[in-house]
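What's counted below: heavy atoms across the whole structure, side chains too, no hydrogens, waters or symmetry copies.
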Amino acid sequence: MRDHAPATTPTIHTELLDRLRSTSPLVQSITNTVVTNFTANALLALGAAPAMVDIPGEAGMFAGLAGGVLINLGTPLAENRAAAVEAAAAAGRAGTPWVLDPVAAGVLPIRTALAAELVAAGPTVIRGNASEILAAAGAGGGGRGVDSTAGPEAALDAARGLAVRTGGVVAVSGPTDLVTDGSTVVRVANGDRLLTRITGGGCALGAVMAAFLAVSEETTVFDATVTAVACYTIAAELAAEQAAGPGSFAVAFLDRLGDLTADQVRQRVVLA
């Protein structure tokens with residue numbers, strides 16, 4: 001079992017960022033009403049093409065057309081739940097990579113049951129905070145609403161087990177993010193606390209992961225997921241350097257996603 005960063009990862013980061021910018025992948029987002037606008041803006045800033053196709057009868061069809069799909073359970077109204085199940089099944093049939101963000105799983109019964117159903121459908125990546133990952137793995141009762149009550153390291157064993165069970169990759173967000181495929185673990189020690197003080201700071205990361213998965217081609221899902229975390233958190237660091245508080249940070253963060261360069265990623269990424 002490896003518990004360190006693969007030596008090739010920094011080069012892959014820059015290759016994938018360049019590829020994303022040159023191809024502008026189509027990313028379907030079935031996400032919550034609180035963060036829809038911010039998620040679309042984050043994808044646009046990075047260079048991807050957002051599509052918020054989130055109603056039954058269209059969600060499945062579109063999942064077969066998109067390059068990547070995000071399913072976020074933040075506000076799971078009945079129509080969104082049906083669309084999520086439809087899109088997950090269609091993405092699986094079409095081979096479209098999809099990301100599950102089990103927001104607040106473990107806390108409330110409807111979303112917890114839906115998260116379990118979607119985990120069983122085999123997401124390409126599961127992204128969440130430590131409490132959400134513990135709940136998705138059946139090892140915890142959730143956090144405080146959408147906030148985690150555990151640190152990423154507390155969810156490491158659960159994340160590893162969840163990755164093995166689903167055959168995918170699990171990413172645990174926190175002060176230092178963890179990414180694991182069940183055998184290898186990479187820690188990404190970039191980011192800034194201001195990212196937790198704006199709406200959508202975590203949710204939009206799932207959509208950014210779907211964008212990088214869409215352009216991964218021969219690159220592994222694991223490396224594409226680490227790349228998404230690295231680019232996203234480095235943009236947050238750069239934004240924080242010029243922000244006066246959460247409001248100006250949100251604006252600066254979209255700007256820094258938009259002009260993030262491969263050199264900045266190469267120079268600033270901190271992997272362990």
Side-chain angles (χ1 to χ4, degrees), residues 16 20 23-32 35-36 39-40 42-43 46 48-76 79-103 105 111 113-128 132-133 136-137 159 162-173 179-182 202-217 219-229 232:
L16 286 177
L20 189 154
T23 61
S24 188
L26 183 62
V27 179
Q28 179 184 8
S29 295
I30 300 172
T31 192
N32 72 75
V35 305
T36 303
T39 300
L43 287 170
L46 189 63
M52 293 10 215
V53 182
D54 58 359
I55 61 173
E58 293 183 352
M61 178 191 74
F62 203 82
L65 303 174
V69 177
L70 165 68
I71 297 176
N72 174 300
L73 306 186
T75 51
E79 193 169 63
N80 299 121
R81 299 198 300 273
V85 172
E86 181 181 302
R93 291 192 297 271
T96 305
W98 63 286
V99 178
L100 171 63
D101 188 340
V103 179
R111 71 187 68 216
L114 179 58
E117 181 179 357
L118 291 169
V119 165
T124 311
V125 174
I126 303 173
R127 187 221 75 86
E132 291 161 349
I133 295 303
L162 191 57
V164 170
R165 175 151 61 97
T166 60
V169 166
V170 176
V172 188
S173 295
V179 180
T180 181
D181 60 2
C203 296
L205 174 57
V208 168
M209 287 178 178
F212 277 103
L213 291 173
V215 298
S216 60
E217 297 182 357
T219 307
T220 67
V221 169
F222 182 84
D223 285 327
T225 305
V226 173
T227 299
V229 175
Y232 197 82

Using every non-hydrogen atom in the two residues, find where [X] and [Y] come nearest and quote the distance to one decimal.
X	Y	value
Ala48	Val27	CB-CG2, 4.3 Å
Leu114	Pro76	CD2-CB, 4.4 Å
Ala91	Trp98	CB-CD1, 3.8 Å
Ala171	Thr225	CB-CG2, 4.2 Å
Val103	Glu132	CA-OE2, 3.4 Å
Ala63	Ala90	CB-CB, 4.1 Å

Checking [X] side chain against [Y] main chain: does a donor-acceptor pair fall under 3.5 Å?
X	Y	answer
Ser29	Thr31	no
Gln28	Ala66	no
Thr96	Gly92	no
Arg127	Ser173	no

Could you walk me through whether Phe62 and Leu26 pass the side chain to side chain contact (heavy atoms under 4.5 Å, CB included) test, one step at a time? CA-CA 10 Å; Phe62 203 82; Leu26 183 62; 3.6 Å; yes
Take Val169 and Thr180 through the test side chain to side chain contact (heavy atoms under 4.5 Å, CB included) and record every step on the way to the result. CA-CA 6 Å; Val169 166; Thr180 181; over 6 Å; no
Is there a side chain to side chain contact (heavy atoms under 4.5 Å, CB included) between Val99 and Ile126 once you walk through the steps? CA-CA 6 Å; Val99 178; Ile126 303 173; over 6 Å; no
Identify every side-chain donor-acceptor pair in residues 50-57 under 3.5 Å, counting partners at least two apart or on other chains, and give the distances.
none

Measure the shortest side-chain to side-chain distance between [X] and [Y] over non-hydrogen atoms and say whether it is less than 4.5 angstrom.
X	Y	answer
Val119	Thr166	yes
Leu118	Pro102	no
Val125	Val221	yes
Leu100	Asn72	no
Leu73	Arg81	no

In Å, rounded to the nearest 0.5 Å, how long is the span from CG of Leu70 to OG1 of Thr39?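 Answer for the CG-OG1 pair, Leu70 versus Thr39, is 7.0 Å.
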Asn80 side, atom CG; Ile30 side, atom CD1 - distance, nearest 0.5 Å: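 Rounded to the nearest 0.5 Å, the CG-CD1 separation comes to 8.0 Å.
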Tell me, which pairs form a salt bridge (charged side-chain N to carboxylate O under 4.0 Å, His left out) where one or both residues lie in residues 206-215, sequence neighbours left out?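 Listed by first then second residue: nothing to list.
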Show me the side-chain donor-acceptor pairs of residues 203-217 shorter than 3.5 Å, one per line, residues at least two apart or across chains.
| from | atom 1 | to | atom 2 | distance (Å) |
| --- | --- | --- | --- | --- |
| Ser216 | OG | Leu213 | O | 2.8 |

